Amino acid sequence: MLDILQIPVLTDNYIYLLHDPVSGETAVVDPALAQPVLNVLDEKGWRLTYILNTHHHWDHVGGNLKLKQKTGCQIIAAQADRERIPGIDRGVSENDIISLGQHQTKVIATPGHTSAHIVYHFAKDGALFCGDTLFVMGCGRLFEGTSEQMWTSLQKLKALPSATQIYCTHEYTQANGQFALSVEPDNKYTQKKMLEVAQLRLMNQSTVPSTIGEERATNPFFREDSLSIQKKLGLEGQSSVSVFTELRKRKDSF
Ligand code: ZN
Ligand code: FE
């Protein structure tokens, strides 16, 4: 059993603390800030072993140096981001395995949002920490990659088992769902999910995690093959990449 705690920080960021009760090892994914993490570690009596970063943006690495200084943890991030991620100790790339006690996570390279973005897949635990690549009913903006790169990255995630839990770094679900419905208004799963999301947000509760299966049913960026979406965009029968490109373009100005 891997304990997973979600810590909401800033306007809409989530930091994740992962703890293996057997070995006592603990990792934090994308600490935007150090203090909220230190507070939870203190409360729980956990010692930080690793920081796992998905990409170099400040709202994912802002707490790196302070956490390292206070806890002596090791910082793991993409080798290709060595110059941009503060305090990095171990550079990793696609298919590298990191152990947290008996739990293992595999690195998947997902360029698109940034050129060196990576995600962490705990296959046996059915958990994916996907940073700003995949969001609930959405995907990250293309700051450094082409839409073809992002599409390829998302295909890797779409192929994971349906029950895989999606731990993304931002609470963007409601806005994403509004866009999803605008391009696929007749999707019953999205309609139903948006009612649940509205309830949760009303009570200021998190809508994350989702699952790969739910994303396949509702996320337009996983649904380029939907005839309804293709018709709405006027791209019937076009390639998945061109439908994806148009979706991403429309979402940018939605
Ligand atoms: Zn980002
Ligand atoms: Fe971010």
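We count ligands from 1, going down the list as the structure has it; atoms in each ligand are counted the same way. Remember, it's a predicted structure, so these values are computed and weren't measured experimentally. Counting from 1, the numbers follow the sequence of the chain as shown.
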To make sure I understand the geometry: which N, O or S atom in His55 is closest to the Zn ion (ligand 1)?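 Output for this pair reads NE2.
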I'd like the atom name of the N/O/S atom in His57 lying closest to the Zn ion (ligand 1).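 Nearest N/O/S atom of His57: ND1.
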Check whether the side chains of [X] and [Y] place a donor and an acceptor atom closer than 3.5 Å, and report yes or no.
X	Y	result
Asn39	Glu43	no
Asp132	His57	no
Gln79	Ser93	no
Glu25	Thr49	no

Please state whether the separation between the Fe ion (ligand 2) and some N/O/S atom of [X] is under 2.8 Å?
X	result
Asp132	yes
His57	no
His55	no

Would you confirm whether Asp225, through its side chain, and Ser240, through its main-chain N or O, come within 3.5 Å as a donor-acceptor pair?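 No, Asp225 side chain to Ser240 backbone: no donor-acceptor pair under 3.5 Å.
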What's the atom name of the N, O or S in Asp59 nearest to the Fe ion (ligand 2)?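 Sorting the N, O and S atoms of Asp59 by distance to the Fe ion (ligand 2) puts OD2 first.
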Among the N/O/S atoms of His60, select the one at the shortest distance from the Fe ion (ligand 2) and name it.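 Closest to the Fe ion (ligand 2) among those atoms: NE2.
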Does any N, O or S atom of His113, backbone or side chain, fall under 2.8 Å from the Zn ion (ligand 1)?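 A backbone or side-chain N, O or S atom of His113 is under 2.8 Å from the Zn ion (ligand 1).
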Check whether any N, O or S atom of Asp132 sits under 2.8 Å from the Zn ion (ligand 1).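 Under 2.8 Å: Asp132 contacts the Zn ion (ligand 1) through an N, O or S atom.
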Tyr50 versus Ser99, closest heavy-atom pair with distance: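 Tyr50 and Ser99 have their closest heavy atoms at CE1-O, 3.4 Å.
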Quick one: do Glu246 and Lys249 make a salt bridge, cutoff under 4.0 Å?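 Yes.
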